[in-house]
Amino acid sequence: MAMSTKLSSFRLPPLPTIGEIIKLYNLRAEKQLSQNFLLDMRLTDKIVRQAGSLRNAHVCEVGPGPGGLTRSILNAGAADLLVVEKDTRFIPGLKLLSEAAPGRVRIVHGDILTYRMDQGFPSHIAKTWVDGPPDLHVIGNLPFSVSTPLIIKWLESMANRSGPFVFGRTRLTLTFQKEVAERLTASTGSRQRSRLSIMAQYLCTVKNCFTIPGRAFVPKPDVDVGVVHFTPLARPQIQQPFKLVEKLVRNVFQFRRKRCCRGIEMLFPATGRLEMTEELLCRADVDPTLRPAELTIPHFRALADAYSQLCAENQGLIAYDFREELKEKRRGRSGRKERK
């Protein structure tokens with residue numbers, strides 16, 4: 001009986017439905033902010049279950065909107081829920097939830113892209129990186145417009161052990177457009193293999209949990225939505241700075257239908273480009289005829305290590321950007337035409 005009482009204490013009291021909250025506060029999804037509401041509590045409960053047990057956990061919810069996912073997180077037993085919401089219109093509805101769960105909800109009116117999550121939770125919940133993940137979860141039904149830049153930002157924070165990762169290997173459960181979810185989890189050789197695949201998978205175990213049909217959202221988006229779960233690896237598969245890895249991977253995949261050597265060439269200045277490309281591929285022992293999607297994480301590890309060596313041997317190489325070189329050439333041609 002005591003156990004039953006304890007379990008029921010996590011459940012929220014009777015509240016207006018999410019649909020009623022939307023009507024009560026005259027809310028509507030803003031198309032320019034790529035907002036889509038998920039009203040079905042069975043689906044929000046299913047998203048929350050992908051995070052694992054939230055009993056007595058600390059949780060940060062990104063962009064709670066009208067609060068559907070928020071309710072599921074609270075009903076799952078989270079003891080401390082920090083919600084970060086940029087849109088002022090949703091704050092009154094979130095305050096209603098906060099009052100229904102006294103002491104369990106903290107509301108931050110701000111932008112998750114700039115919010116200091118490392119300051120949002122007590123230091124005592126932290127675990128060392130080699131230990132298991134801390135009892136802290138990041139969960140969010142992300143607007144499409146922010147999902148890709150946000151996961152890249154968090155992957156960099158993961159590599160640097162900053163932001164939500166000062167507490168250890170914090171787990172993420174997030175929604176993305178189905179196509180983006182497939183890229184994040186794509187295997188070697190698949191059509192969806194991309195820069196995102198490598199950047200996520202060298203740092204995390206990434207799981208594409210399930211797909212939510214677009215018709216489940218209000219308003220209905222043109223695409224379906226994938227729920228993806230990330231658990232940071234105790235030891236990243238590539239031991240090089242994030243910026244170096246990101247630069248390498250971005251260059252390789254810019255010519256995804258060509259041989260990998262074509263993108264690798266653009267890591268080097270025009271003078272000596274072919275010789276340095278050949279040297280990099282030789283040191284990494286990577287077949288130059290492979291397509292970008294055919295390269296494995298070990299291939300990228302070898303390329304990153306070899307590129308790091310070349311940068312150490314050639315001053316200024318790490319800062320080289322072929323786009324800047326192209327701009328300089330165009331400016332030079334434009335200047336010559338004007339003089340004529």
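At a threshold of 4.5 Å between non-hydrogen side-chain atoms, the residues Glu85 and Val83 do not count as touching. A 4.5 Å side-chain heavy-atom check between Pro64 and Phe90 finds every atom pair outside the cut-off. Counting only heavy atoms from C-beta outward, the side chains of Val286 and Leu295 approach each other to under 4.5 Å. Taking the side chain as every heavy atom from C-beta outward, Arg195 and Glu246 approach each other to under 4.5 Å. Proximity of Val62 to Tyr115: side-chain heavy atoms (C-beta onward) are nowhere separated by under 4.5 Å. Contact check for Phe121 versus Phe167: side-chain heavy atoms found under the 4.5 Å cut-off. Taking the side chain as every heavy atom from C-beta outward, Val84 and Cys60 approach each other to under 4.5 Å. Within the 4.5 Å cutoff, no side-chain heavy atoms of Leu233 are placed close to those of Tyr202.
When only modelled atom types and interatomic distance are considered, Thr289 and Asp287 share a side-chain donor-acceptor pair under 3.5 Å. The closest side-chain donor-acceptor pair between Thr173 and His137, if any, does not fall under 3.5 angstrom.
Around the CD atom of Gln239, the shell of radius 6.0 Å holds more than 12 heavy atoms that belong to other residues, nucleotides or ligands. Atom CD of Glu313 has more than 12 heavy atoms from other residues, nucleotides or ligands within 6.0 Å. Within 6.0 Å of the CZ atom in Arg283, the count of heavy atoms belonging to other residues, nucleotides or ligands exceeds 12. Applying the 6.0 Å contact sphere to NZ of Lys207 captures no more than 12 heavy atoms from other residues, nucleotides or ligands. Around the NZ atom of Lys243, the shell of radius 6.0 Å holds no more than 12 heavy atoms that belong to other residues, nucleotides or ligands. In the displayed structure, Arg323 atom CZ is contacted under 6.0 Å by more than 12 heavy atoms of other residues, nucleotides or ligands.
Annotation: the span from Cys260 atom SG to Phe253 atom CZ amounts to 10.0 Å, rounded to 0.5 Å. Separating the CG atom in Asn56 from the CZ atom in Arg104 is a distance of 9.0 Å, to the nearest 0.5 Å. The distance from the CD1 atom of Ile139 to the CG atom of Leu172 is 10.0 Å, given to the nearest 0.5 Å. Glu279 CD to Leu274 CG: the interatomic distance, rounded to the nearest 0.5 Å, is 13.5 Å.
Taken together through direct or relayed side-chain contacts under 4.5 Å among Ile, Leu, Val, Met, Phe, Trp and Tyr, Leu326 and Met266 form part of one hydrophobic cluster. Two different hydrophobic clusters hold Met41 and Ile212 under the rule that ILVMFWY side chains link at heavy-atom gaps under 4.5 Å. Residue Phe210 is grouped with residue Val225 when hydrophobic side chains (ILVMFWY) are merged at heavy-atom distances under 4.5 angstrom, including chains of intermediate members.
Applying the side-chain contact (heavy atoms from CB on, under 4.5 Å) rule to Lys153 yields the partners Leu113, Leu150; only residues at least two apart in sequence or on another chain are considered. Qualifying side-chain hydrogen bond (donor to acceptor under 3.5 Å, both in side chains) partners for Thr188, counting only residues two or more places apart in sequence or in other chains: Arg193. With sequence neighbours left out, the side-chain hydrogen bond (donor to acceptor under 3.5 Å, both in side chains) criterion links Arg273 to Tyr320, Glu325. Every residue meeting the side-chain hydrogen bond (donor to acceptor under 3.5 Å, both in side chains) condition with Asn141, not counting sequence neighbours, appears here in chain and number order: Thr175. A search for side-chain hydrogen bond (donor to acceptor under 3.5 Å, both in side chains) contacts involving Glu182 returns nothing, not counting sequence neighbours.
Between Arg106 and Asp80, at least one side-chain N (NZ, or NE/NH1/NH2) sits under 4.0 Å from a carboxylate O, which counts as a salt bridge. With respect to the salt-bridge test (charged N to carboxylate O, under 4.0 angstrom), the residues Glu99 and Lys95 do not qualify.
For the pair Pro133 and Arg169, the tightest heavy-atom approach, listed with the atom from each and the gap, is CB-O, 3.2 Å. Nearest approach of Lys258 to Pro292, heavy atoms of both residues: O-CD, 3.1 Å. Nearest heavy-atom pair across Phe144 and Val223 is CE1-CG2, 3.8 Å. Of all non-hydrogen atoms in Pro269 and Leu317, the two that sit nearest each other are CD-CD1, 4.0 Å. Across Ala181 and Gly226, no two heavy atoms sit closer than the pair CB-CA, 4.0 Å. Across Gly67 and Leu94, no two heavy atoms sit closer than the pair CA-CD2, 4.3 Å.
With hydrogens and angles ignored, the 3.5 Å screen pairs no side-chain donor or acceptor of Asp224 with any backbone N or O of Lys178. The backbone N or O of Gln192 lies less than 3.5 Å from no partner atom in the side chain of Arg183, so there is not a single donor-acceptor pair. When atom types are taken as modelled, the side chain of Thr44 and the backbone of Leu69 share no donor-acceptor pair closer than 3.5 angstrom. His109 contributes a side-chain N or O that, together with a main-chain N or O of Lys86, makes up a donor-acceptor pair within less than 3.5 Å. A donor-acceptor pair under 3.5 Å is absent between the side-chain atoms of Gln237 and the main chain of Ile297, judged by distance alone. A donor-acceptor pair under 3.5 Å is absent between the side-chain atoms of Ser147 and the main chain of Phe176, judged by distance alone.
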- Message: Run Phe230 and Val138 through side-chain contact (heavy atoms from CB on, under 4.5 Å) and show every step you take.
- Response: CA-CA 10 Å; Phe230 304 80; Val138 177; over 6 Å; no
- Message: Quick one, Glu61 with Thr70, criterion side chain to side chain donor-acceptor pair (under 3.5 Å). Give me CA distance, side-chain angles, the key distance, then yes/no.
- Response: CA-CA 7 Å; Glu61 185 189 356; Thr70 315; 2.6 Å; yes
- What's the verdict on side-chain contact (heavy atoms from CB on, under 4.5 Å) for Asn160 and Glu156, showing C-alpha distance, side-chain angles and the deciding distance? CA-CA 6 Å; Asn160 299 332; Glu156 183 170 8; 3.5 Å; yes
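Here side-chain hydrogen bond (donor to acceptor under 3.5 Å, both in side chains) pairs that include residues 126-135, with residues two or more places apart or in two chains, are Thr128-Asp131.
When Ile318, Leu244, Leu248 are each tested for a side chain to side chain contact (heavy atoms under 4.5 Å, CB included) with Ser308, only one passes: Leu244.
Taking the six-membered ring for Trp, Phe300 and Tyr307 have ring centres at least 6.0 Å apart.
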